[in-house]
Visitor: 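One structure follows; several queries about it will come next.
Just so it is clear, the model here is predicted, and its values are computed rather than measured. A, B, ... follow the sequence lines: proteins, then strands. Residue 1 opens every chain.
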Amino acid sequence: MAIFALVDCNNFYASCERLFQPHLRGRPVVILSNNDGCVIARSDEAKSLGILMGTPAFKIRQLIKAHDIAVCSSNYALYGDISERVMRVLGESAPNQEIYSIDECFLDLDRLSVPNLTQWCRNLRHQTMQWTGIPVSIGIGPTKTLAKLANRLAKKSVRESGVLNFMDDPIRIDTALRETSIGDVWGIGRRWTQKLEERGIHTAHDFANAPDAWVRQCMGVVGLRTVHELRGIACHALADQPAPKQTTCYTRTFGTAIYDKMQIQDAVTCFTEQAAAKLRKTGQVAGAVQLFIQTDPFARNVPKKSVSGLTTLDRPTSNTRAIATAVTQIFDRIWQDGYGWRKAGVHLFDLSAPDQIAPSLLDVIETPNDSLMKAVDHINTRYGRGAARMGFASKNAAWQMQQAHVSPRFTTKWAEIPAVRMM
DNA sequence: TCTGGGGTCCTAGGACCC
DNA sequence: TCTGGGGTCCTAGGACCC
């Protein structure tokens, strides 16, 4: 039988902010999305004040004041770097690791021969805390879905001290399934929760005991897999080799609505640069590019609009100039005056590794700008994003996102490394 | 006044082929 | 009057995840 562990960082973004800002410890902390829009992470203290994920920041302004809640803009340079450290510690401890998201990974403990799995996980938890400063919880089960469930309960329960092991414990699994709402099961989102509730399925236990044929008919193979996983039959293997990406994108909401074509053209060029740089980082090329611009979907009493255009690139590339040329052509084609545009994005499709591309006759004539792109990437890595670029955007361009409460890049930027003064 | 960003997988239906 | 069956590929849309 397979043995999966799910390791999940507790309140990851809040924990990262607290690492270098001890005054945030013990205080309620919330982290806001880009543009300081909504709450995307909370400390335990903030959770117990009833602040929900996704709440728009303006709706909790009173609460913030009343409880002296610390507010942070999101700082992905920091979170990404801390995540790499945590993942390295965890990855080195187990035979196989699947990094599932910025703050969680699955470990394959099948081939790990230790006398006491629970104790081994407690030690791992302790070591991670000691080496990175980030608290984690660990759930262990025969399937990924059950490991996820164990992890949820490990977090909630003080008695389990951060580790909950389902292996060889059918009674515990049964109790856990009965106590878990259907909507808290991994793979069951809002829509399906509603549908299942309407049909009298309220808990993970109800779902696990639903007839296969019925689940297959209502929810397809995806739902059926979840049912099997809840019963302890593994349907999802550990993906220790990250699959190459099929699409990538760079999309942003502007700091304010923009009417001026030149300004949006500038933003779009910047977004294209970022998207192309992402592609080069994974060593891929794109076969097609799509650009969209849209107005504020929440604004009242103003016309709403969303336009987009897609184009196939002459040949797959990761070259900023080639992609930007295509994007500019799309932009001119779809642009419409008179709207206050609020958001734009560049999507790249049909990604592949360059060696999969059949050589074209054009290759003989065209000179790829590979060395130029390498130089640009190098400068931006060394001197910070935007040091070398094609557009002319100023840091204060109106479309730039608002980040009023962003913390320093403590671990990735020389100028922002915390200083310790000896008294 | 103020509402994020980046992904994956599956399915149904149409076009097309033999 | 009579009008198959099986397959692939592509796309749009819906669901989910963090």
Side-chain angles (χ1 to χ4, degrees), chain A residues 6-9 11-13 30-41 52-62 64 71-76 79-80 83 98-106 144-145 148 151-152 182-196 216-226 229 235-236 239 242-257 271 274-275 278-279 281-282 287-288 290 292 294-302 304 308 310 312 340 342-351 401-405:
Chain A
L6 178 72
V7 187
D8 191 315
C9 300
N11 314 324
F12 183 56
Y13 296 171
V30 296
I31 285 84
L32 304 181
S33 61
N34 282 340
N35 261 319
D36 294 340
C38 11
V39 174
I40 55 165
L52 300 177
M53 279 291 269
T55 310
F58 69 88
K59 287 192 180 168
I60 53 167
R61 179 162 300 175
Q62 293 304 322
I64 289 171
V71 176
C72 304
S73 305
S74 32
N75 179 350
Y76 288 102
Y79 312 151
S83 169
E98 173 188 341
I99 297 176
Y100 181 68
S101 74
I102 194 166
D103 73 335
E104 61 191 297
C105 69
F106 287 101
K144 284 182 162 181
T145 306
K148 268 273 192 190
N151 186 286
R152 267 193 85 252
I182 185 64
D184 291 330
V185 173
W186 187 44
I188 306 298
R190 251 198 3 250
R191 299 295 177 103
W192 279 354
T193 299
Q194 201 192 331
K195 275 188 197 165
L196 290 168
R216 175 72 179 84
Q217 217 229 314
C218 293
M219 305 171 68
V221 296
V222 181
L224 196 56
R225 274 186 205 137
T226 300
E229 287 243 324
C235 301
H236 301 290
K245 269 195 234 177
Q246 299 168 32
T247 68
T248 193
C249 63
Y250 190 92
T251 78
R252 286 292 177 274
T253 301
F254 305 143
T256 174
F271 294 4
Q274 299 300 336
K278 277 170 111 173
L279 213 50
K281 210 169 177 184
T282 55
Q290 182 185 44
F292 76 84
Q294 67 180 55
T295 56
D296 189 342
F298 301 101
R300 284 174 211 169
N301 311 321
V302 290
K304 289 188 186 48
S308 71
L310 175 75
T312 308
R342 190 71 207 284
K343 185 174 181 177
V346 174
H347 280 263
L348 298 170
F349 298 113
D350 299 338
L351 306 194
M401 65 183 174
Q402 294 169 10
Q403 284 201 296
H405 315 281

Visitor: Verify the contact: side-chain N or O of K343(A) to OP1 or OP2 of dG5(B), cut-off strictly under 4.0 Å; return yes or no.
Guide: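 Looking at the OP1 and OP2 atoms of dG5(B), one of them is under 4.0 Å from a side-chain N or O of K343(A).
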Visitor: Select from Q246(A) and A57(A) the residue whose nearest nucleotide in DNA chain B is closer to the 5' end of that strand.
Guide: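 The residue whose closest nucleotide sits nearer the 5' end is A57(A).
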Visitor: Check every strand shown and say whether T247(A) touches a base, only sugar-phosphate, or nothing at a heavy-atom separation below 4.0 Å.
Guide: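 Result for T247(A) = sugar-phosphate.
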Visitor: Reckon R61(A) touches a base, only the sugar-phosphate, or nothing at all at heavy-atom distances under 4.0 Å?
Guide: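 Base contact - R61(A) has a heavy atom under 4.0 Å of at least one base atom.
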Visitor: Using 0.5 Å steps for rounding, measure from the NZ atom of K144(A) to the CD atom of E229(A).
Guide: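 So the NZ of K144(A) and the CD of E229(A) are separated by 8.0 Å.
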Visitor: Could you let me know what dC18(B) is paired to, Watson-Crick or G-U wobble, both distances under 3.5 Å, or none if it's on its own?
Guide: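 Partner of dC18(B): dG5(C).
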Visitor: Using the C1' atom on both, measure dC16(B) against dG4(C) and round to a whole Å.
Guide: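 Each nucleotide's C1' atom is 16 Å from the other's.
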Visitor: Tell me whether the rings of W186(A) and F106(A) are parallel (<30°), tilted (30 to 60°) or perpendicular (>60°).
Guide: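 Judged by the thresholds at 30° and 60°, the geometry between W186(A) and F106(A) is tilted.
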Visitor: For a quick check of understanding: with a heavy-atom distance under 4.0 Å over all strands, which category does E104(A) fall into, base, sugar-phosphate or nothing?
Guide: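 Result for E104(A) = sugar-phosphate.
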Visitor: In this structure, how many angstroms lie between the P atom of dG4(B) and the OH atom of Y250(A), rounded?
Guide: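 Answer to the nearest Å: 15 Å.
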Visitor: Does S73(A) use its side chain to pair, donor to acceptor, with the backbone of D36(A) at less than 3.5 Å?
Guide: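 Not at all, since once roles are kept as given, no pair shorter than 3.5 Å links the two residues.
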Visitor: Quick one: is K59(A) getting a side-chain N or O under 4.0 Å of the dC2(B) phosphate, OP1 or OP2?
Guide: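 For K59(A), the contact criterion (side-chain N or O under 4.0 Å from OP1 or OP2 of dC2(B)) is not met.
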Visitor: Once you apply a heavy-atom cut-off of 4.0 Å, does I102(A) come out as touching a base, just sugar-phosphate, or nothing?
Guide: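 Contact class for I102(A): none.
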Visitor: Please classify the nucleic acid contact of D36(A) as base, sugar-phosphate, or nothing, using heavy-atom distances under 4.0 Å.
Guide: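 Contact class for D36(A): none.
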Visitor: Starting at CG of L224(A) and ending at C1' of dA15(C), how long is that distance when rounded to a whole Å?
Guide: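 Atom-to-atom, L224(A) to dA15(C), this comes out as 16 Å.
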Visitor: Between dG7(B) and K278(A), is there an OP1 or OP2 to side-chain N/O distance shorter than 4.0 Å?
Guide: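 Checking K278(A) against dG7(B): at least one side-chain N or O falls below 4.0 Å of OP1 or OP2.
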Visitor: Determine the contact category for N34(A): base if any of its heavy atoms lies under 4.0 Å from a base atom, sugar-phosphate if only primed atoms, P, OP1 or OP2 are that close, otherwise nothing.
Guide: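 N34(A): backbone/sugar contact only, no base atoms under 4.0 Å.
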Visitor: Strictly distance-based, threshold 3.5 Å: is any side-chain N or O of Q403(A) a donor or acceptor partner for the main-chain N or O of S74(A)?
Guide: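 Between the backbone of S74(A) and the side chain of Q403(A) there is a qualifying donor-acceptor contact (under 3.5 Å).
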Visitor: Which nucleotide wins on minimum distance to the side chain of R225(A), given the candidates dG5(B), dC18(C), dC9(B)?
Guide: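 For the R225(A) side chain, the nearest candidate turns out to be dC9(B).
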Visitor: Heavy-atom count around K304(A) NZ within 6.0 Å, excluding the residue itself: above 12?
Guide: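 Atom NZ in K304(A) is crowded, with more than 12 foreign heavy atoms closer than 6.0 Å.
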Visitor: Between dC17(C) atom C1' and E98(A) atom CD, what is the distance in whole Å?
Guide: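 Computing the E98(A):CD to dC17(C):C1' distance gives 12 Å.
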Visitor: How close or far is atom P of dC17(C) from atom NZ of K148(A), stated in whole angstroms?
Guide: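 Spelled out: NZ on K148(A) to P on dC17(C) is 9 Å.
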Visitor: With distance as the sole criterion, do the side chain of R342(A) and the base of dT3(B) form a donor-acceptor contact below 3.5 Å?
Guide: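 Donor-acceptor pair under 3.5 Å: no.
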Visitor: By nearest heavy atom, map A243(A) and D296(A) onto DNA chain B; which one lands nearer the 5' end?
Guide: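 It is D296(A), whose closest nucleotide lies nearer the 5' terminus.
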Visitor: Please determine whether a side-chain nitrogen or oxygen atom of T55(A) lies at a distance below 4.0 Å from atom OP1 or OP2 of dT3(B).
Guide: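 For dT3(B), OP1/OP2 do not have a side-chain N/O of T55(A) under 4.0 Å.
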